[in-house]
K.L.:
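Mind having a look at this structure? Questions to follow.
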Amino acid sequence: MIRDSQQQLTFVQEIFQKEGGVFKFREDGVMEIAMSSSTGQAAPNDDSTTGGFEKVQPTGYIEGPAIGHLILVEGKAYFLNRDRGLPDSLTKRLKQEAAEQVKEVETNSVQVEGHTLFYSISKTINDGSGVLISYAWAEYRNEMVGTMFRNLLLLLIAFMLLSSIPCFWLARYLSSPLTRMERQVKRMSEGNWHEAFELRRRDEFGRLSRAFDEMRQRLLRQDETQQALLQNISHELKTPVMIIRNYAQSIVDGIYPRGSLEGSVDTILQETDRLMERVYELLSLSRLQYVSSREVPHQWFNVDDVVRDTVERLRFRRPEIHWIVEPPAWRIHGNADQWQVVFENLLDNQIRYARQQISITASVDDSLMRIIEIRNDGPHLEAALLKGLFEPYRMGANGQFGLGLSIVWQILNSYGAQIEVSNEESGVIFRLTLSEEDRE
């Protein structure tokens with residue numbers, strides 16, 4: 001601030017360039033300069049602007065008492081402010097420092113009776129023959145800091161008050177959709193799946209709302225599937241149990257519904273196998289859902305061994321079927337028991353619907369993806385059945401409900417493999433595409 005005030009005293013140089021310039025301060029604080037008249041005589045008592053004192057409007061801090069200015073010319077000291085508060089000893093010291101100063105401008109400070117005085121000495125007046133000393137006490141600096149702090153604090157408070165309005169609006173804008181979605185999620189937790197998420201926004205909240213609605217729809221389908229599962233399980237288990245009970249009671253009463261004891265017992269055994277098959281499927285599905293949430297031991301194994309072992313165990317169900325078994329000589333990294341369940345359920349489906357032949361082959365397509373194809377010469381599948389063939393308890397062509405293909409899909413999905421089913425001219429084909437990470 002002291003240096004800036006010195007730079008603003010541009011009229012001082014002009015004063016000393018004029019011969020006979022004299023300073024004068026009036027009672028109202030206005031500084032005047034006594035100019036030489038046209039005859040070379042000063043007119044100190046003339047207030048006109050020609051040949052006497054002319055008014056000069058000071059710039060910067062010259063008029064205030066905080067920053068003082070002292071001009072030294074030919075050993076004489078001229079104060080540019082009415083305050084003559086500098087002690088004579090301090091004035092002499094400043095004169096001595098100015099005389100010893102080499103640089104054009106230097107700044108320094110001095111302690112005077114416990115107070116600090118900051119000053120700047122500039123040798124740029126009257127081509128170096130004059131010296132301008134500007135000074136200010138430390139109290140003025142502290143006062144300026146306090147004033148700036150108060151102004152900054154007031155500005156900060158005003159800014160906070162003004163910014164609180166858009167902040168409150170923004171907070172309400174952001175919290176309103178979250179509150180609404182919270183109420184909807186709470187209703188979902190209470191079992192109300194049918195109310196859709198309606199948040200018509202195109203920002204992140206809109207995308208989050210759509211994601212919640214997709215989750216709601218999946219949960220709704222899952223709930224409907226569970227209801228259908230309970231109904232189908234009760235139906236599938238009730239029928240064989242009722243038949244077994246009726247046949248057993250008839251045999252106890254000496255009545256043979258199939259005409260003979262052997263025929264009636266065979267029916268009981270068939271229904272027992274049917275009942276065991278349904279229980280096995282439920283246990284497999286439950287075990288799969290349990291294992292899918294936990295890590296199972298994986299190791300490399302030969303697909304050929306699993307496929308041939310499964311074929312040998314299931315072949316006896318329909319001995320009249322001709323088998324073409326050309327399994328791949330590949331190694332898969334995974335759990336051999338899970339892959340055995342995959343081939344068991346797929347081949348069980350083939351045996352159920354095949355007429356005369358089942359084939360198992362392997363190939364590599366143009367993109368080097370390894371594919372296992374399982375074909376049967378059974379009847380074609382309807383388009384509606386193809387679309388939801390791998391859903392739990394989907395009714396088959398013979399009016400039976402099953403979980404086998406659903407278990408297959410869940411296992412393959414956990415390995416990143418894919419399965420597709422389509423109709424061919426000679427029958428139906430199931431195509432398994434293995435992922436690159438799980439094959440060798």
Side-chain angles (χ1 to χ4, degrees), residues 1-36 42-44 47 49 52-149 151:
M1 294 172 60
I2 296 175
R3 293 289 304 276
D4 291 342
S5 67
Q6 284 185 327
Q7 295 176 2
Q8 294 182 23
L9 293 177
T10 57
F11 64 91
V12 176
Q13 178 70 21
E14 300 177 357
I15 294 173
F16 281 92
Q17 288 178 351
K18 299 177 181 179
E19 183 178 359
V22 178
F23 299 101
K24 176 183 177 183
F25 285 91
R26 300 195 322 194
E27 292 298 330
D28 57 0
V30 177
M31 184 181 68
E32 296 180 346
I33 302 172
M35 302 293 294
S36 298
D47 290 341
T49 57
F53 289 100
E54 63 181 44
K55 295 182 180 180
V56 177
Q57 180 63 40
T59 59
Y61 307 95
I62 187 171
E63 195 175 43
I67 298 180
H69 302 278
L70 174 64
I71 296 179
L72 303 177
V73 179
E74 298 178 354
K76 295 183 179 181
Y78 298 92
F79 285 91
L80 300 187
N81 51 306
R82 291 181 295 173
D83 182 13
R84 305 294 194 270
L86 290 183
D88 294 338
S89 59
L90 183 57
T91 304
K92 292 179 181 180
R93 176 175 177 173
L94 295 178
K95 289 181 180 181
Q96 183 178 358
E97 289 188 13
E100 297 175 353
Q101 181 173 305
V102 178
K103 297 181 180 180
E104 289 187 353
V105 180
E106 282 192 2
T107 58
N108 206 343
S109 63
V110 63
Q111 293 288 332
V112 181
E113 297 180 356
H115 300 279
T116 303
L117 180 72
F118 299 96
Y119 59 90
S120 175
I121 302 176
S122 175
K123 289 187 172 183
T124 60
I125 304 300
N126 200 23
D127 296 330
S129 61
V131 178
L132 175 60
I133 302 176
S134 301
Y135 56 89
W137 294 98
E139 286 77 7
Y140 177 62
R141 179 195 61 179
N142 299 336
E143 181 182 352
M144 290 296 298
V145 171
T147 302
M148 293 176 62
F149 179 77
N151 293 338

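Quick note: numbers below take in every heavy atom, side chains included, and nothing from hydrogens, waters or symmetry partners.
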K.L.:
Would you call Ile133 and Glu97 a side-chain contact if the rule is heavy atoms closer than 4.5 Å?
P.N.:
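The answer is no, as the side chains (C-beta and beyond) never meet within the 4.5 Å cut-off.
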K.L.:
Write out all pairs satisfying side-chain hydrogen bond (donor to acceptor under 3.5 Å, both in side chains) with one or both partners inside residues 107-116, taking only residues at least two apart or from two chains.
P.N.:
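Of all non-adjacent pairs touching residues 107-116, those that pass side-chain hydrogen bond (donor to acceptor under 3.5 Å, both in side chains) are Gln111-Thr116, His115-Glu139.
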K.L.:
For a quick test of reading the model, state the closest non-hydrogen atom pair linking Val105 to Ser120 and the distance between them.
P.N.:
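Smallest interatomic distance, heavy atoms only, reads CG1-OG, 3.9 Å.
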K.L.:
Holding to salt bridge (Lys or Arg N to Asp or Glu O under 4.0 Å), I want the full list of residues that pass it with Glu106, two or more places apart in sequence or in another chain.
P.N.:
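Not a single residue meets the salt bridge (Lys or Arg N to Asp or Glu O under 4.0 Å) criterion with Glu106.
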K.L.:
Could you give the distance from CD1 (Ile121) to CD1 (Ile2), rounded to the nearest 0.5 Å?
P.N.:
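So the CD1 of Ile121 and the CD1 of Ile2 are separated by 11.5 Å.
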K.L.:
Which atoms form the tightest heavy-atom contact between Leu132 and Ile71, and what is the distance?
P.N.:
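For Leu132 and Ile71, the tightest heavy-atom pair comes out as CD1-CG1, 3.7 Å.
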K.L.:
Apply side chain to side chain contact (heavy atoms under 4.5 Å, CB included) to Ser89 and list each qualifying residue two or more places apart in sequence or on a separate chain.
P.N.:
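By the side chain to side chain contact (heavy atoms under 4.5 Å, CB included) rule, Ser89 matches Pro87.
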K.L.:
Holding to side-chain hydrogen bond (donor to acceptor under 3.5 Å, both in side chains), I want the full list of residues that pass it with Glu104, two or more places apart in sequence or in another chain.
P.N.:
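Checked Glu104 against side-chain hydrogen bond (donor to acceptor under 3.5 Å, both in side chains); zero matches.
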K.L.:
List for me each residue that meets side-chain hydrogen bond (donor to acceptor under 3.5 Å, both in side chains) alongside Gln101, sequence neighbours excluded, and say none if there are none.
P.N.:
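side-chain hydrogen bond (donor to acceptor under 3.5 Å, both in side chains) check on Gln101 returns nothing, list empty.
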K.L.:
How close do Ala98 and Leu72 get, heavy atom to heavy atom, and via which atoms?
P.N.:
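Taking Ala98 first and Leu72 second, the nearest heavy atoms are CB-CD1, 4.2 Å.
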K.L.:
For Val112, enumerate each residue passing the side chain to side chain contact (heavy atoms under 4.5 Å, CB included) test, keeping only those at least two apart in sequence or located in another chain.
P.N.:
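Val112 satisfies side chain to side chain contact (heavy atoms under 4.5 Å, CB included) with Leu90, Val110, Trp137 once adjacent residues are dropped.
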K.L.:
Can you tell me how far apart OH (Tyr135) and CG (Leu94) are? Round to the nearest 0.5 Å.
P.N.:
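Rounded to the nearest 0.5 Å, the OH-CG separation comes out at 9.0 Å.
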K.L.:
Looking at every heavy atom in both Ser134 and His69, which two are closest together, and how far apart are they?
P.N.:
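What the structure gives for the nearest pair is OG-ND1, 2.7 Å.
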